[in-house]
Amino acid sequence: MRLQFLLAAAICVSGTASMAQMTDCSYKTRFFGTNATLKVEGGKPVAYRTDNYTAKSVTKQGDTILIDQARLSSVVHGKTQDGKWAIQGNWKLGKHSKDNVVFVCAP
């Protein structure tokens with residue numbers, strides 16, 4: 001929860017909420033009991049995987065990242081208070097949803 005608040009505050013202060021160009025990195029998080037990695041190359045999301053799943057399709061449309069049948073919406077990109085790049089958004093896959101999921105850059 002604290003990281004999510006700090007990310008939102010950092011993005012508001014730095015003005016980097018634009019999804020036009022994301023920083024290349026492997027962004028990691030843990031949610032729904034699994035580790036997840038969202039890879040960004042060339043400023044765009046290109047791959048997503050969890051401990052037991054690899055996505056076939058990862059694309060960006062506006063402020064939404066589509067991962068197969070899932071979507072990460074209302075996405076913002078910026079730095080945490082610790083200076084790490086991060087991506088935050090609202091996850092939805094079928095009946096499963098979680099707001100304010102934060103993926104943090106792990107070089």
Quiz item: Within a strict 4.5 Å, meaning less than it, do heavy atoms of the Val104 and Tyr27 side chains meet?
Solution: no
Exercise. Would you indicate whether the side-chain heavy atoms of Phe103 and Lys28 approach each other to under 4.5 Å?
Key: no
Exercise. Answer yes or no: is there a donor N or O on one side and an acceptor on the other, between the side chain of Asp24 and the main chain of Gly42, under 3.5 Å?
Key: yes
Practice problem: Report yes or no: do Asp68 and Ser57 form a side-chain donor-acceptor pair below 3.5 Å? | Solution: no
Quiz item: From Ile65 CD1 over to Leu38 CG, what is the distance, rounded to the nearest 0.5 angstrom?
Solution: 5.0 Å
Practice problem: Taking salt bridge (Lys or Arg N to Asp or Glu O under 4.0 Å) as the test, write out the residues that go with Lys39, two or more places apart. | Solution: Glu41
Quiz item: Quick one: are Thr64 and Leu72 in side-chain contact, heavy atoms under 4.5 Å?
Solution: no
Quiz item: Under the 3.5 angstrom rule, does the side chain of Lys92 hit a backbone N or O of Gly94 as a donor-acceptor pair?
Solution: yes
Quiz item: How far apart are the C-alpha atoms of Thr37 and Asn35, what are their side-chain angles, what is the distance that settles it, and do they pass the side-chain hydrogen bond (donor to acceptor under 3.5 Å, both in side chains) test?
Solution: CA-CA 7 Å; Thr37 301; Asn35 295 307; over 6 Å; no
Practice problem: Looking only at non-hydrogen atoms, find the nearest pair between Val40 and Thr23 and report the distance. | Solution: CG1-O, 3.6 Å
Quiz item: When rounded to the nearest 0.5 angstrom, what is the spacing between NZ in Lys79 and NZ in Lys84?
Solution: 12.5 Å
Exercise. Answer yes or no: is there a side-chain heavy-atom contact under 4.5 Å between Val46 and Val58?
Key: no
Quiz item: Taking all atoms of both residues into account, what is the closest heavy-atom pair of Cys25 and Ala106, and its distance?
Solution: SG-N, 3.6 Å
Quiz item: Is Val75 reachable from Phe31 through a run of I, L, V, M, F, W or Y residues, each pair having side-chain heavy atoms under 4.5 Å apart?
Solution: yes
Quiz item: CD/Gln88 to NE2/His77 distance, rounded to the nearest 0.5 angstrom?
Solution: 12.0 Å
Self-check item: Ala86 versus Thr80, closest heavy-atom pair with distance
Solution: CB-CG2, 3.9 Å
Self-check item: Hydrophobic cluster membership, Leu66 vs Leu93, 4.5 Å side-chain cutoff
Solution: no
Quiz item: Tell me, do Asn90 and Lys98 make a side-chain contact under 4.5 Å, heavy atoms counted?
Solution: no
Self-check item: Distance-only donor-acceptor check, side chains Ser97 and Asp99, under 3.5 Å
Solution: no
